Amino acid sequence: VQLQASGGGLVQAGGSLRLSCAASGRSFSGYGMGWFRQAPGKEREFVAAVSSGGTTYYADSVKGRFTVSRDSAKNTVYLQMNNLNPEDTAVYYCARTAVTGTLNARFYDYWGQGTLVTVSS
């Protein structure tokens with residue numbers, strides 16, 4: 001099982017980025033997918049998730065700004081991030097879970113390598 005995250009970069013406050021996470025083969029269908037982030041010196045935190053059926057979940061800090069989606073034909077999950085602010089600066093990770101609707105990282109079994117998002121003020 002391999003998850004490949006991409007799309008990070010440097011953006012000014014108020015800007016947008018779209019992260020992608022491509023999953024290999026059978027590692028996508030039937031599983032929920034989540035995004036987590038870890039800022040320097042901080043704990044990893046949940047950002048957003050989408051179930052195998054398309055139900056979405058968001059951390060309060062990103063509701064209304066971020067949108068998670070999945071494309072089963074492409075085995076890819078996306079995180080559209082709008083109105084970014086410096087507090088969103090972090091390494092963003094995608095991960096897979098067999099537990100519907102969980103926000104707990106312990107229930108995610110495979111993780112991508114992370115992609116860095118830097119938001120300048």
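Predicted model, so just to flag it, every value in this text is computed and none were measured.
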Check your understanding: Would Arg96 count as a cation-pi partner of Tyr110, with NZ or CZ less than 6.0 Å from the six-membered ring centre and within 45° of the ring normal?
Key -> no

Whether [X] side chain and [Y] backbone form a donor-acceptor pair below 3.5 Å:
X	Y	result
Tyr108	Thr102	yes
Thr89	Val119	yes
Tyr58	Val68	yes
Arg65	Asn83	yes
Thr67	Gln80	no

Give the minimum heavy-atom separation between [X] and [Y], together with the two atoms involved.
X	Y	answer
Asn75	Ser24	ND2-C, 4.3 Å
Ala105	Arg44	CB-NH2, 3.9 Å
Pro86	Ser121	CG-CB, 3.8 Å
Gly7	Leu17	O-CD2, 3.9 Å

Check your understanding: So Asp88 and Met81, side-chain contact (heavy atoms from CB on, under 4.5 Å) or not? Walk me through it.
Key -> CA-CA 9 Å; Asp88 296 315; Met81 306 185 294; over 6 Å; no

Practice item. Check whether any side-chain heavy atom of Thr100 lies under 4.5 Å from a side-chain heavy atom of Tyr57, and answer yes or no. Key: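 Touching, per the 4.5 Å side-chain cut-off.
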
Review point. Between Cys94 and Trp35, is any pair of side-chain heavy atoms under 4.5 Å apart?
Key: yes

**Study point:** Contacts of type side-chain hydrogen bond (donor to acceptor under 3.5 Å, both in side chains), residue Lys63, not counting sequence neighbours
**Key:**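 Listed in chain order: Asp60.
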
For residues [X] and [Y]: do they belong to one hydrophobic cluster (side chain heavy atoms under 4.5 Å, members Ile, Leu, Val, Met, Phe, Trp, Tyr)?
X	Y	value
Leu84	Val47	yes
Leu3	Leu79	yes
Val77	Val117	yes

Point to revise | Criterion side-chain contact (heavy atoms from CB on, under 4.5 Å) on Arg37 and Leu19, from CA distance to verdict | key: CA-CA 12 Å; Arg37 67 187 180 186; Leu19 306 184; over 6 Å; no

Check your understanding: Can you tell me how far CD of Gln38 sits from CD of Glu45, rounded to the nearest 0.5 angstrom?
Key ->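 So the gap between those two atoms works out to 9.5 Å.
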
**Study point:** Nearest-0.5 Å distance that lies between atom OG in Ser69 and atom CE in Met33
**Key:** 11.5 Å

**Study point:** Partner set under side chain to side chain contact (heavy atoms under 4.5 Å, CB included) for Gln4, not counting sequence neighbours
**Key:**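 With neighbours one apart ignored, the set is Gln113.
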
Review point. Can you tell which of Tyr93, Trp111, Tyr92 makes a ring pair (Phe, Tyr, Trp, His ring centres under 6.0 Å) with Phe36?
Key: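 Between Phe36 and the candidates, ring pair (Phe, Tyr, Trp, His ring centres under 6.0 Å) is satisfied uniquely by Trp111.
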
Study note, to complete from the structure: Sorted by chain and residue number, the ring pair (Phe, Tyr, Trp, His ring centres under 6.0 Å) partners of Phe66 (sequence neighbours excluded) come out as none

